[in-house]
Each structure stands twice: as structure tokens, then as C-alpha cells.
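Given the structure is predicted, the values throughout are model-derived calculations rather than measurements. Just follow the structure's listing: the first ligand is 1, and inside any ligand the first atom is 1.
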Amino acid sequence: MCEVNNLDECYKVAEELVLYAGKIIEDGIDTKKNVKSKGIDWDLVTEYDRKIENKLIKQLSARFPSHKFIGEETAAKEGRLPQLTDDPTWIIDPIDGTTNFVHRFPQTCISLALWVNKEAEIGIIYNPLMRQFFSARKHCGAFLNGKPIKTSDVRDVSQSLVAMEPWIAKNPEYLTSIYSRMHALIQGTHGIRSLGTAALTLCYVAMGAVEAYHIESIDAWDVAAGKLIIEEAGGVVIDTAGGELDIMTPRVIAACNQQIAQQLVDLFKEADSEIVNKNFN
Ligand code: LIP
């Protein structure tokens with residue numbers, strides 16, 4: 001087991017750095033960006049993503065030299081996903097919602113988490129354009145701009161608003177499951193919403209703005225901070241098939257409580273089992 005006895009300092013440094021990174025997003029939002037695609041046409045990166053990630057890693061490693069890093073842009077550059085170990089590890093998404101950032105859609109954020117012994121200790125997600133600073137520390141609750149937040153108390157999925165990201169159907173691997181699951185949600189809930197940033201949408205579950213969120217085809221940096229923020233706000237984040245989420249290959253059902261999560265697991269199982277009879281191509 002790894003001991004970290006300076007978590008207060010870690011939080012303070014992380015908070016300062018994320019606020020600073022927020023200024024970089026604010027400065028960049030209205031500028032012409034150098035936009036590149038990371039292999040697939042919908043996975044974009046800008047010079048701002050790299051600038052923020054480099055800054056965070058440089059400053060954090062200067063303060064905490066023994067800590068490790070899992071960062072979206074570093075992983076893309078190196079072409080490999082580092083393993084999560086028991087060592088203190090900062091998991092970074094420098095700009096979550098890069099496509100939104102490129103299009104000036106004001107749902108974009110920095111997501112920074114500290115994991116120790118494969119458990120989240122600190123989670124911070126900041127949308128500087130909407131001035132929303134979400135934070136959590138293990139066993140200490142979840143906060144929006146310093147005020148405690150709680151998940152919704154709805155317990156029947158038919159009474160819920162659920163977020164998901166239909167554009168993932170661009171990937172042929174997900175096409176039929178996305179359409180079937182969307183169909184099931186359209187029939188069985190109050191409605192679907194889509195923000196284009198996994199990290200912020202997890203915060204929307206945490207603050208009770210939606211009852212649940214479903215997404216696959218994402219990475220550890222998209223959920224590492226949001227998972228803690230939801231859990232500290234009273235919600236759950238589980239695997240799409242039920243059971244524990246694997247943070248390194250996340251298939252996410254995030255919900256305001258276990259009842260809604262389980263109802264979504266069942267709804268999606270049924271939707272998936274009907275796929276054979278459908279052709280969405
Ligand atoms: C993006 C997300 C988005 C998700 C994408 C992608 P990026 O992160 O948060 O919600 O659907 O798969 O990972 O690339 O903007 O940091």
C-alpha cells in the first residue's frame with residue numbers, strides 16, 4: 001500500500017493549476033486554433049490541449065517528483081496507454097470537450113484527478129466559460145463552486161433525464177448498440193441530452209441536472225475525476241453490463257443512485273438483445 005500524507009497540499013496545488021489552466025481556455029476560445037485530428041476525424045486536438053497538459057505535468061512533477069501521470073495528449077503522442085499502478089498518479093484531460101472548444105460551444109473543461117492505490121483521492125473538473133468549478137475529495141463530499149452538491153433522488157428510470165453521446169455511432173463498432181439504446185431511452189425516459197464532454201456530463205449527474213449518463217469508447221482521463229465527484233455526491237458509476245467499472249477501459253453507466261443504474265443496465269441488455277432484428281446502416 002502506498003501512503004500519501006500530503007493530500008491537502010496536493011489538492012491546493014491542483015486547484016491553483018486548474019484555475020490557471022482555465023485562463024488558457026478562456027484566452028483560446030475565441031482565437032483561430034491549430035486543429036488536428038488524432039487519426040479518426042472526430043478525435044480533435046489543438047495547441048491548447050498540449051499547452052495545458054504540458055503545464056500541468058511540469059508543475060505537478062516539480063512539486064511531487066515521485067508521482068506518476070496518465071495524460072490524454074502524452075498517451076496520444078507516445079501511442080500507448082500507461083498502466084495504472086498503486087503509486088500516486090495524476091490522471092489528466094487538459095481539455096475535455098475539445099470539439100466543443102474548437103466550435104466555441106461553451107461546454108468544455110479541464111479534468112484532473114489524483115489516484116492512489118487505484119482509488120480516486122481528488123477530483124477536479126472546471127468549466128471556465130460557465131464558471132463552474134466541481135471538486136471532490138474521498139469521504140469529504142462533492143462541491144460546485146464551494147457549495148455541496150447532491151445527485152437527484154429520482155428512483156424510476158421512466159421519470160429520468162439521461163445523457164448520452166449519439167455521435168459515437170460514427171464508429172461502426174458502436175452503431176447498432178447506440179441506436180438501439182437511444183431508442184430504448186426515447187421510449188423509456190423523459191428524454192436524452194448530449195453535452196459532448198464526458199467529464200462535465202458526469203458533473204451534471206453529480207449536481208442532479210440529469211439522472212444518468214451512458215458512454216463507451218472513452219478513456220481513463222474522461223472519467224477519473226468525475227467518478228469521484230459523482231460518488232461523493234451520492235451517485236454510482238458502474239460498468240454498462242453491471243458490476244465494477246474498469247477505469248482503464250471505461251464502459252460507463254453513471255447514475256444518481258444504484259436503482260437507476262440497475263434499471264439502465266437492464267434496459268440496455270434488452271435493447272442489445274433486440275439488435276439482431278435491426279439494421280441501422
Ligand atoms: C471527448 C469527450 C467526449 C467523448 C469523446 C472524447 P476530448 O474527450 O469527453 O464526451 O464522447 O469520446 O473522449 O477528446 O474532448 O478530451
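- The closest protein non-hydrogen atom to atom 6 (C) of ligand 1 is Asp222 OD1, 4.3 Å.
- The closest protein non-hydrogen atom to atom 14 (O) of ligand 1 is Glu72 OE2, 3.2 Å.
- Dense packing is recorded around CD of Glu9, with more than 12 heavy atoms of other residues, nucleotides or ligands lying under 6.0 Å away.
- When non-hydrogen atoms are compared, ligand 1 lies under 4.0 Å from the backbone of Thr98 as well as from its side chain.
- When heavy-atom distances to ligand 1 are checked against a 4.0 Å cut-off, Ile215 comes that close only through its side chain, counted from C-beta outward.
- By the 4.0 Å N-to-carboxylate-O rule, Glu16 lies too far from Arg63 to be salt-bridged with it.
- Between the side chains of Asp87 and Thr89, no donor N or O sits under 3.5 Å from an acceptor N or O.
- A salt bridge links Asp272 with Arg181: the closest approach of a Lys/Arg side-chain nitrogen to an acidic carboxylate oxygen falls below 4.0 angstrom.
- Using a cutoff of 4.0 Å between basic side-chain nitrogens and carboxylate oxygens, Asp8 and Arg137 are scored as salt-bridged.
- At least one N or O atom of Ala198 sits closer than 3.5 Å to an N or O atom of ligand 1.
- Of all protein heavy atoms, the one closest to atom 3 (C) of ligand 1 is Glu165 OE1, 3.5 Å.
- Within ligand 1, the atoms closer than 4.0 Å to a non-hydrogen atom of Thr197 are 9 (O), 10 (O), numbered from 1 in the order shown.
- Exactly one residue among Thr240, Ile238, Val157 makes a side-chain contact (heavy atoms from CB on, under 4.5 Å) with Leu264. That residue is Val157.
- With respect to Glu73 and Lys77, no salt bridge is recorded, no charged nitrogen being found less than 4.0 Å from a carboxylate O.
- In terms of protein heavy-atom proximity, atom 5 (C) of ligand 1 is closest to Trp167 CZ2, 3.4 Å.
- No hydrogens or angles considered: nothing links the side chains of Gln107 and Thr197 as a donor-acceptor pair under 3.5 Å.
- Close approach to Ser217 involves these atoms of ligand 1, each under 4.0 Å from a residue heavy atom: 12 (O).
- Scanning both residues, Tyr11 and Ser135, for their nearest heavy atoms gives OH-CB, 3.3 Å.
- Counting heavy atoms closer than 4.0 Å to ligand 1, residue Leu195 contributes nothing at all.
- Between the side chains of Thr108 and Asn100, no donor-acceptor pair is found at a separation under 3.5 Å.
- The shortest N/O to N/O separation between Leu44 and ligand 1 does not fall below 3.5 Å.
- No part of Ala199 comes within 4.0 Å of ligand 1, judged by heavy-atom distances.
- In Asp219, neither the side chain nor the backbone holds a heavy atom less than 4.0 Å from any atom of ligand 1.
- Contact annotation for Asp96 and ligand 1: heavy atoms of both the backbone and the side chain come within less than 4.0 Å of the ligand.
- Close contacts of ligand 1 with Asp43, meaning ligand atoms under 4.0 Å from a residue heavy atom, involve 14 (O).
- Proximity to Asp93 (heavy-atom distance under 4.0 Å) selects the following atoms of ligand 1: 16 (O).
- Near Gly196, meaning under 4.0 Å from one of its heavy atoms, ligand 1 places the atoms 3 (C), 10 (O).
- Applying the 4.0 Å criterion to heavy atoms of Ile95 picks out, from ligand 1, the atoms 7 (P), 15 (O), 16 (O).
- Note on ring orientation: taking the six-membered ring where Trp is involved, the planes of His214 and Phe268 are tilted (angle from 30° to 60°).
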